[in-house]
Amino acid sequence: MKALEVKPNIYWVGGIDWDIRSFHGYVTQRGTTYNAYLIMDEKVTLIDTVKSYMVPEMLERIRDIIDPSKIDYIISNHVEMDHSGGLPAMKEIASNAEVFTSVQGEKGLKKHYKDELNLHVVKTGDTLELGKHTLHFVQVPMVHWPDSMVSYCPETKLLFSNDAFGQHIASAERFDDQLEWGIIHEEAAKYYANIVTPFGDQVKKALEAVGKLEIEMICPSHGIIWRTGIADIIDEYKKWSNYESDKRAVIVYDSMWGSTKQIAYALYEGLESVGIPVSIRDLKSSHISDIITDVHFSKAVLVGSPTLNRGMLPTMAAFLNYFKGLKFRNRIGYAFGSYGWSGESVEDMEKEMEAAGVELFESGEKIQYRPGEEDLLKFKETGKKMGESL
Ligand code: FEO
C-alpha cells in the first residue's frame, strides 16, 4: 500500500475502512478513513494514528516512505481510539518517539493506555520545530472531546484539523476536487449533525482561532482532504455552528396499524402545499443517524407515534433521546399520533421535544383509533400553517 504526498514531504499514510457500517451507532454507509500524516523532516513526524486494527495498513504506507522505527515525533491531536488506537504499536516500533498532546490529551491517553508513551504536553500557542517545518498547536476543546487539538504548519499552510471538517467516506480519492461536492457535503453535514452539533459555541471559538491562519489545505482525520472547497466548508461550519437551518421540514414517525402514518402524510401534504420541502422518515426504515441529517437541514421537526403501553413507541423514544442529546437550537416542533384508550404518546413526545430545546408550534393532536376525513383535513391545515410560519 502506498503513501500519498499531499504537499512536498508531507504524506497521507492513513487507513481506509471500507467495511465499517456502524461507528458506535452512527451508520456509515460509505465506510470511513482514519487519516494519519507523515512529515519528512529532520524530525520525522507522524500526525495521529489509526484505529488499532488498521495499524498494519498505516505501517505499510509509512514503509513506502521510511522505516517506521525512524519516527521521532508523534502528534496526538485527539484521544478517541480511532486516532490514538495505533499509539501503543507505534511506541513499540519507534521506541524513542516522543508523543505531543494537549493537557486533556495527556490525561485521556494515560487512562486509555497503561503503556509509557513518553508524553509531552503542548498548549495553544506552543510550537514544535521539525527542521524545515514547524507545527503550531491550537486547542479546540469540545470539538468534540475536551482534549481535541489541531496542528498547523505555516510553511505549507496546512491545517491538520483532526475530526473537524471530517466526513465518513471510504474512497480511492483523497482530495475534495476528486469527488462530487454533493457527496462530500452530505457526509460532512451528517458528520457535523451527529457528532459536533452540541458544541456550536465551541466550534465558533475554534473557527475564530483557525480564521487567523492562512490555509491552503485542511487535512482532517476522516475522509477527504480539502484543498479546493476550503472557504465553502468553513462557511458551512459557520452556518452550522449558528444552528441555522433551511425552510424545510422533517416528519419522523412510526406507526402500528397505519393511523399515525396517515396523519404524517396529511401533515406532509399541508407543508408541501405551501412549497416547503419535506423529508418523511419512518423509523422502521430510516436510521436515526440519517434522520438527524434531515433535522440538521430542517427548521421544522414533526414527530408522530401511537401510544403503546402508556407511552410512545420504543423507536420514537430512542430517536427523541438521541435528538435531545444533540441539543439542536432554533427548531420548531409538532407532535401527533393515534391511540386506543390511554393516549399518552403525544404529551410524552412534547415533553421530550421541549427538553430538547424545541419550540412547539402548537399543541399536538391525538386521534382515537383511526383518523377520519375531517381529521386529516385538519392535520393538512396544521401542516400548511406550520409551513407558512417558516
Ligand atoms: Fe474521529 Fe473523535 O474521533
Side-chain angles (χ1 to χ4, degrees), residues 12-37 46-55 57-58 74-90 99-113 137-151 159-171 174 184 187-200 202-203 205-207 210 218-226 233 237 240-241 289 292-293 322 325-327:
W12 172 84
V13 289
I16 308 178
D17 200 343
W18 294 96
D19 299 328
I20 190 167
R21 289 295 176 271
S22 174
F23 200 109
H24 50 58
Y26 170 148
V27 171
T28 49
Q29 292 95 338
R30 289 192 167 97
T32 194
T33 65
Y34 314 104
N35 297 336
Y37 301 92
L46 181 67
I47 313 265
D48 289 315
T49 68
V50 293
K51 252 187 188 174
S52 55
Y53 60 78
M54 301 237 76
V55 168
E57 182 171 328
M58 177 183 71
I74 302 173
I75 311 301
S76 178
N77 280 318
H78 181 27
V79 172
E80 198 166 8
M81 290 77 83
D82 46 337
H83 310 299
S84 71
L87 269 181
M90 285 312 300
V99 179
F100 296 83
T101 189
S102 64
V103 176
Q104 293 296 332
E106 183 192 35
K107 283 187 194 165
L109 290 173
K110 280 185 174 166
K111 289 274 185 192
H112 279 82
Y113 308 105
F137 301 107
V138 182
Q139 289 180 271
V140 288
M142 301 318 294
V143 183
H144 67 123
W145 273 25
D147 53 85
S148 296
M149 180 172 88
V150 300
S151 307
L159 179 71
F160 299 99
S161 66
N162 199 263
D163 279 337
F165 308 112
Q167 344 84 41
H168 285 314
I169 302 176
S171 68
R174 295 272 71 76
I184 311 172
E187 293 296 345
K190 180 174 177 181
Y191 191 91
Y192 188 99
N194 281 276
I195 293 177
V196 193
T197 298
F199 312 114
Q202 291 88 341
V203 173
K205 281 186 198 149
L207 287 172
V210 302
I218 299 178
C219 292
S221 57
H222 296 289
I224 293 296
I225 295 169
W226 301 92
I233 192 62
Y237 261 59
W240 300 342
S241 62
S289 61
I292 285 298
T293 316
Y322 189 58
L326 287 167
K327 295 184 164 57

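Both ligands and their constituent atoms are indexed starting at 1 by order of listing.
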Looking at Val55, is its backbone amide N or carbonyl O close enough to the side chain of Tyr34 to form a donor-acceptor pair, meaning the two atoms are under 3.5 Å apart?
no
With side chain to side chain donor-acceptor pair (under 3.5 Å) as the criterion, how do Ser151 and Asn77 come out once you've worked through the C-alpha distance, each side chain's angles and the decisive distance to 0.1 Å?
CA-CA 7 Å; Ser151 307; Asn77 280 318; 2.8 Å; yes
Under 3.5 Å donor-acceptor, Asn35 side chain and Gly14 backbone
no
Under the 3.5 angstrom rule, does the side chain of Ser84 hit a backbone N or O of Leu87 as a donor-acceptor pair?
no
Given 3.5 Å as the limit, does a donor-acceptor pair link the side chain of Thr197 with the main chain of Tyr192, or not?
yes
In this structure, which one of Val50, Asp17, Ile16 forms a side chain to side chain contact (heavy atoms under 4.5 Å, CB included) with Glu57?
Ile16
Under 2.8 Å from atom 1 (Fe) of ligand 1 - protein N/O/S, by chain and number
Asp82 OD2, His83 NE2, Asp163 OD1, His222 NE2
